[in-house]
2 protein chains.
Amino acid sequence: MTAGFDALPRRERLHARVTEALARRVIQAEQNAEPLVFPKEEILCQQLGVSRTVLRESMKVLADKGMVEMKPRAGTRARPRSEWRLLDPDILAWQAEIYADAAFLRDLCEVRLAIEPTAAGFAAVRATPEEIAEIENSLREREARSGSANGEELIELDLKFHTAVVAASHNPLLKELSGIIREPFRIALSITSRFPSTVQLGLEAHHALLAALRRRDPMAARRAAEEVVGLAMLAVEKAIRTRSRKKSTVEQFK
Amino acid sequence: MTAGFDALPRRERLHARVTEALARRVIQAEQNAEPLVFPKEEILCQQLGVSRTVLRESMKVLADKGMVEMKPRAGTRARPRSEWRLLDPDILAWQAEIYADAAFLRDLCEVRLAIEPTAAGFAAVRATPEEIAEIENSLREREARSGSANGEELIELDLKFHTAVVAASHNPLLKELSGIIREPFRIALSITSRFPSTVQLGLEAHHALLAALRRRDPMAARRAAEEVVGLAMLAVEKAIRTRSRKKSTVEQFK
DNA sequence: TAAATCATATGATATGATGTTTTACCGTGA
DNA sequence: TCACGGTAAAACATCATATCATATGATTTA
């Protein structure tokens, strides 16, 4: 080993780096809408400077995610995006990084629109007083710091609010689903936070949601959560429209 | 080939079998609420009769799913269920097999309650005429065969209906999410199908959903889908109540 | 008691042996 | 000449073994 190579962070394991490198080639081919057939393992090992063990382990991971197909004699080729496991955390991360365009953010918001109102409805019935207190705390803290803190902190507090609401639904599946889309959600929030009027309306909706939880009113909680997510979607749509002429990478949103 | 002495199912790969064997030990420990620390790799290799490569690959898979934690010197131990990736297809399958109890089915229905009305709402706006035709076909075929066909076929057609509706939302994330819970959903359907009155009401709700899609009415589509899932939940709750005194394995639902 | 050291289990990677699947070529016979 | 069938080779699939690195619990020592 120790072939002369790069200054990449050694902190990341070798197979993780190889996996990501291969995934990027698949994603790029998908964006260019061109088929991709990898060279045979021996050649690929030489190109990447790794052993077959590492290469194969990485390919196996990608195959498990549905991104490539390995067949004897026929080589390894990229599969269309429709076959990918889009909810896989890794793919979601790579997507958020590369495909952070209108369609992806819209799809993401729609998943939130599915999850959060439902979770809020169940939370209204099942939340413990402690959980409601935690939800309230994150909201109050966010308001208290809305002038002083930086955007990062405010987004973090907003995330905490939403996470606490979903957790209060006492449904581990909903909770995990919410966790899976947490990172892309953070990006969406960073967009939303750039529209002060929306932020203001959003805060009111947050309060309405909290009040509904306190009243143990599932329907009102649902509606309030729909309002919260709906406002976020509007902001995302607005951001997308105003930037639709630029190239759509995540950079423009950071 | 053809000669063979080995009539055993070599079809399953070694590491897959090892993975499942280890997973079962984790699940069992979780059910007994007792901590589980695996013996060191060398011993485990001997116990299972495999090489360290295979064992480690299997353990790595389980670690990736959040079921175990591997630490140098400290050995490998099982993690609590709250840490598992519950939406992982494998875990979902193992869960459906072992934990098919009231709580799991309820959680599952709630995810459907989150996804389907939302997907239906978007489908009302975005479905192509072909997609609506496909949805209608699966519904009509199911009605046509409701007397003659066996339960399996009817459930399959019902699944087809729901899959088509979610697909018509044109949101790949919702579609994949729906696919992930497809297998457990099948179990839930097999329960629902045992209550004729519910099935009848469900058919009416299905028609209402189809009509809403035709009218391009998102709100009506949402409400109809909520009705469909709500009825299914009622059936599941009913089945759970009437069987709550028996032990809760999936067997009782098959 | 606290720091230093050691022993040990896991982590990472390479290499090799053997099995399996598919393609492609080649020989035979009609 | 062409169709058919069988065989060999190519490339992937699987599993094992080996070596060195690293982290950490345990022990010892100052």
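Numbers restart at 1 for each chain; the letters A, B, ... are given by sequence-line order, proteins then strands.
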| message | Less than 3.5 Å apart, any donor N or O on the side chain of B:R182 or B:T163 sitting next to an acceptor on the other? | response | yes
| message | D:dA26, OP1 or OP2 - any side-chain N/O from B:R73 closer than 4.0 Å? | response | no
| field | Interface with DNA chain D, restricted to residues 64-71 of chain B and to heavy atoms under 4.0 Å | value | none
Nearest whole Å is fine: how far is [N] [atom2] from [X] [atom1]?
X: B:R56; N: D:dC15; atom1: CZ; atom2: C1'; result: 15 Å
X: B:E57; N: D:dA16; atom1: CD; atom2: P; result: 11 Å
X: B:K60; N: C:dG11; atom1: NZ; atom2: C1'; result: 8 Å
X: B:R77; N: D:dG25; atom1: CZ; atom2: C1'; result: 11 Å

Determine whether a donor-acceptor pair (N or O, by modelled atom type, separation under 3.5 Å) exists between the side chain of [X] and the backbone of [Y].
X: A:N32; Y: A:E34; value: no
X: B:R85; Y: B:D64; value: yes
X: B:W84; Y: B:V68; value: no

Answer yes or no: is there a side-chain heavy-atom contact under 4.5 Å between [X] and [Y]?
X: B:F38; Y: B:R77; result: no
X: A:D158; Y: A:F185; result: no
X: B:H162; Y: B:R112; result: yes

| query | Under the criterion side chain to side chain donor-acceptor pair (under 3.5 Å), which of B:K175, B:E131, B:R126 is the partner of B:H170? | reply | B:E131
| said: Under 4.0 Å, heavy atom to any atom of DNA chain C: which of residues 34-55 of chain B qualify? | reply: B:K40, B:E41, B:R52
